[in-house]
Structures are given as structure tokens and as C-alpha cells.
Amino acid sequence: MQTVQSLYRLRGLAHTFLLCRASTSQALGFLTALHVSHHRSFSNGSPLCAKPRNLVKGKRDVSEKRLTRYFVDHRKVRVVGGTGGNGASCFHSEPRKEFGGPDGGDGGNGGHVILKVDPCVKSFSSIAPVYQGSQGEPGRSSNCYGKSGENLYIKVPVGTLVKENGITLIDLSKTGEEFIAAYGGIGGKGNRFFLSNENRAPVTATPGAPGEERCLHLELKTMAHAGLVGFPNAGKSSLLRLLTNARPAVAAYPFTTLNPHVGVINYQDHEQIAVADVPGIIEGAHQNRGLGLSFLRHIERCRILLYVLDLTHPEPWTQLSSLQYEVGQFDESLAHRPHVIVANKLDLPGARKTLEHLQEKVKGRIIAVSALTGENTEELILYLRELCDGHRPEGRRAEPYMGW
Ligand SMILES: Nc1nc2c(ncn2[C@@H]2O[C@H](COP(=O)(O)OP(=O)(O)OP(=O)(O)O)[C@@H](O)[C@H]2O)c(=O)[nH]1
Ligand SMILES: [Mg+2]
């Protein structure tokens, strides 16, 4: 009987894992998360996540292939404001009122084309190449003014840079922020407008002005507080999965991650730290080796960098200097950002020995973790908060992350 019961229990467990679509390593991560959250419930007053991570239901793994198809972080767009409506030229006509005078109304103004930040929009994939604002209606007789064209809103993600001829016009970094990309044309004047003592019967009416036309370049720079930088396979995505509710793909081959992923660490005092995972960097990336360095623009705004090193590598300190060199080639200021070294894969044999060597060779804070077992991730979470608090304008709380 007991055997039957335990068989049922096992089948239940297997079913749960199937539902979670977990592979063996994910299953281990799942168990680890259970362990971590259990541990956390005892860490009284700890600022760690209130919500157990890795157990977010209904959030599926992101298919990198699909994401690559839909993730567009550059877009050229032509925006044309709506043309103003023409002014009308007509005269009042009524029985027994022969010379009623001019009564042509003005045309309505053309609609603007406006860029608006929407946190639900993740990339420029749904942005069309051309946007034309709606036209203003023409003026009519009896001094009727034409209706102005409706404004056309283009939804863009948080962190959109709008450039024109290489010059940045605006950085749309706040939810709901708006930018008038192209003004609509002014409506034409009706002949009533030209009535004067000198000219009691003007026939002149002006046409509506054409809308402004611009060719803009939209560029997306992901908004996050901390960025994960490392060689391929170092375990950046595994770390992001463990620390946050993001679900980037994890696999044992290099360049699994092809697009930026952002996850959020929720602290018990409602502080949030957004962490961005980007593709791996290899030596010579500045010469376009591997996936190049252009994706680093997604961590350009990060206040803190997390250099993720692989402790199974015989000399992880060389990995670190290569990473810092490559990052510096992309942007000198990025190389001098506050950072922490995350030595990953502590659970693997020989990792502790390599860690000792790493500690001897490298100055600065090194936090050794295992993204697979969750070992020591608490220290990383707390230190990340410390760093974030230390690099924030005095007395200011972190702005809540609005980019998901
Ligand atoms: N044993 C062990 N394996 C790990 C650990 N962290 C990651 N891995 C494994 O290392 C492999 C690569 O992990 P990823 O998280 O995809 O690495 P990545 O840095 O995101 O790689 P790219 O996306 O290719 O740049 C996967 O097979 C993980 O299961 C760890 O702490 N311990
Ligand atoms: Mg990855």
C-alpha cells in the first residue's frame, strides 16, 4: 500500500514538473528556489524578496528564436503631421438679403504625430515605417470652422532615444512621457477672415498648411539598474532566472541569449532593482567577433555592472580583464562604473580552489555563487542593494521599475 502511495506521490511530482515545462537543470533550480524561499522566511526583517521567485505561475520560458524575430531595437520612421483643412470661400445667402457678406469658415488644424511611452511595449517591432497624421476638415459656409485632425499616438517602449540626423532630440525614459514628433499643419483661413473696411466682399481663402515631415531614428536603450556582463555560458541567464522572475533561455551552448532580458528583484521594503541580461561577450568583440558589442547599449544606462565569471575556467581573472577591456572599447565610462565580480558555478568540483586564486589575483569585492543551487545568492542580492543605495542621489528612493 505504501509503495502504491509513494508511486502516486512520485507521479504527482513528475506531473508538476511537466506542467512547469522544466528540464532537469530547471527542476534542480526549482528545488533550489524552494530551498531559498524556505530559508528566507526565517531571515527575519531581511530586505529580500517577499514573493518567492522562480515560482511565478503562468510565466513561460522565452524562446530566443521567437524573441529575435520580434525584438527590434532600432527603427527608422518617417512621421508626417496632418495637413490643415482648407478655408472656405462663400457668401451668406438668405431670401431678401442680397449681400449677406463673406461667411467662409477656417479649416481645422492637422493632427500631430506623437510618440508616447507605453510600458507594455517592449520593442519597435510593431512600429510602421511611415505615420501620417490625420487631416483637418475644411471650413464651411455659415462661418463653420473645420474640425481639427485627431492626434496620432505611436506607442514606444521605455528607454526610447529619438534621434534626427545623429542628434538626440529626446530620451523617453518615463512611462506616459510624450514627444510631438511632427506637428500638424495650421488650417487655412476662410474668406470671412479677410473681411475689412477696404474689402467688403473678399473671395480669398487660404489652403491648409502641410504638416511637418521628419525622418526620425528610434533607438532603444533598455532601462535597468544593474547589468550582467560575462563570457558566453558563464551563467548570466541562470543568475537572472534565480534572482528575478525573468525567464530567459538557459542552455549549455554559447550565445544562448541573443536579446536583452530584464528581471526585477523585489525587496521587502518595496524597493526594486532591475537587472538586465545581455548576450555573452568574447575576446575581440569590439572587432565584431561573436555578437559584437552593439548590444551593450542595453546596459549603458546601468548604474552597476555585474561581471559574471565562470569558476570552471582555469583562469577566470583573464576573463575579467578581457571583459573590462571589451566594455571599455565600447564606452570608456562603462568600464569605470561601480561593479561587483560574481564568481559563478561554485558547486562544481575545483571551483573553490579557482576562487582562492581569483581572490589573490583580483582586487575588489568578489561574490562566489552558484546559480544552479542558489548558494550565496542572498549575499549578492544584499550587496546589489547596498551598491544601488550608495549610487543614488542623496535621500532618493529607487524609482520603481516601469519597463516591463
Ligand atoms: N553547475 C552549474 N552550472 C551552471 C551554473 N550556472 C549556469 N550553469 C550552466 O551553464 C550553462 C550556461 O548557462 P547560461 O545561464 O545559459 O549562461 P549564459 O551566460 O547566459 O550564456 P549565454 O547566454 O550563451 O551568454 C547552462 O547549462 C547552465 O545550466 C552553476 O552555478 N552551476
Ligand atoms: Mg544567457
Side-chain angles (χ1 to χ4, degrees), residues 70-90 103-194 204-223 297 301 399-400 402-404:
Y70 296 116
F71 188 83
V72 180
D73 55 3
H74 268 279
R75 190 67 120 197
K76 229 178 177 175
V77 60
R78 196 162 68 88
V79 281
V80 188
T83 311
N86 295 336
S89 177
C90 51
D103 73 346
D106 296 349
N109 296 331
H112 306 317
V113 180
I114 302 174
L115 301 178
K116 185 170 182 175
V117 179
D118 186 334
C120 301
V121 177
K122 296 285 190 297
S123 85
F124 302 133
S125 57
S126 56
I127 292 197
V130 182
Y131 285 91
Q132 169 79 56
S134 56
Q135 288 196 357
E137 282 183 13
R140 290 178 208 277
S141 59
S142 310
N143 288 319
C144 286
Y145 281 31
K147 191 182 167 198
S148 291
E150 301 271 331
N151 290 337
L152 176 65
Y153 286 91
I154 308 172
K155 292 180 185 171
V156 291
V158 185
T160 299
L161 280 184
V162 185
K163 293 185 176 177
E164 190 180 29
N165 300 326
I167 299 161
T168 305
L169 303 177
I170 193 165
D171 178 1
L172 297 167
S173 56
K174 291 190 184 86
T175 303
E177 208 175 343
E178 290 182 10
F179 171 69
I180 301 180
Y183 283 91
I186 293 173
K189 299 292 180 198
N191 64 341
R192 167 84 194 185
F193 178 82
F194 298 99
T204 317
T206 55
E212 194 184 4
E213 184 171 344
R214 285 170 116 174
C215 197
L216 300 176
H217 192 257
L218 306 182
E219 198 180 310
L220 180 61
K221 283 191 181 179
T222 307
M223 306 285 292
R297 71 172 165 276
R301 300 175 193 242
E399 281 176 19
M402 304 296 279
W404 50 72

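Note that the coordinates shown come from a computational prediction; the quantities given were computed from them, not determined experimentally.
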Does this structure show an ion pair linking R78 with E213, if we count only N-O contacts that are shorter than 4.0 Å? yes
I'd like to know if R301 pairs up with D171 as an ion pair, taking the criterion as any Lys NZ or Arg NE/NH1/NH2 lying under 4.0 Å from an Asp or Glu carboxylate oxygen. yes
Can you measure from [atom1] ([X]) to [atom2] ([Y]) and round to the nearest 0.5 angstrom?
{"X": "L115", "Y": "K155", "atom1": "CG", "atom2": "NZ", "result": "13.5 Å"}
{"X": "F194", "Y": "S89", "atom1": "CZ", "atom2": "OG", "result": "9.5 Å"}
{"X": "S125", "Y": "D73", "atom1": "OG", "atom2": "CG", "result": "11.0 Å"}
{"X": "T206", "Y": "D106", "atom1": "OG1", "atom2": "CG", "result": "7.5 Å"}

Is there a side-chain contact between [X] and [Y] (heavy atoms, below 4.5 Å)?
{"X": "V162", "Y": "L218", "value": "yes"}
{"X": "V156", "Y": "K116", "value": "no"}
{"X": "I170", "Y": "L172", "value": "yes"}

So which atom in [X] and which in [Y] form the shortest heavy-atom distance, rounded to 0.1 Å?
{"X": "P157", "Y": "F124", "value": "CD-CE2, 3.3 Å"}
{"X": "I186", "Y": "N109", "value": "CA-OD1, 3.5 Å"}
{"X": "E164", "Y": "L216", "value": "CB-CD2, 4.0 Å"}
{"X": "H217", "Y": "H74", "value": "CE1-ND1, 3.1 Å"}
{"X": "C120", "Y": "D118", "value": "N-OD1, 2.8 Å"}
{"X": "G87", "Y": "A205", "value": "O-CB, 3.6 Å"}

Would you mind listing every side chain to side chain donor-acceptor pair (under 3.5 Å) that reaches into residues 183-194, with sequence neighbours excluded? none
Which pairs pass side chain to side chain donor-acceptor pair (under 3.5 Å) with one or both residues in residues 127-140, sequence neighbours excluded? none
How about CD1 on I154, more than 12 heavy atoms from neighbouring residues, nucleotides or ligands closer than 6.0 Å, or not? yes
Using a cut-off of 6.0 Å, state whether more than 12 heavy atoms not belonging to F179 lie near its atom CZ. yes
Checking [X] side chain against [Y] main chain: does a donor-acceptor pair fall under 3.5 Å?
{"X": "D103", "Y": "S142", "result": "yes"}
{"X": "R214", "Y": "V80", "result": "no"}
{"X": "N151", "Y": "H112", "result": "yes"}

Passes side-chain contact (heavy atoms from CB on, under 4.5 Å), L161 versus K221? Steps please. CA-CA 7 Å; L161 280 184; K221 283 191 181 179; 3.6 Å; yes
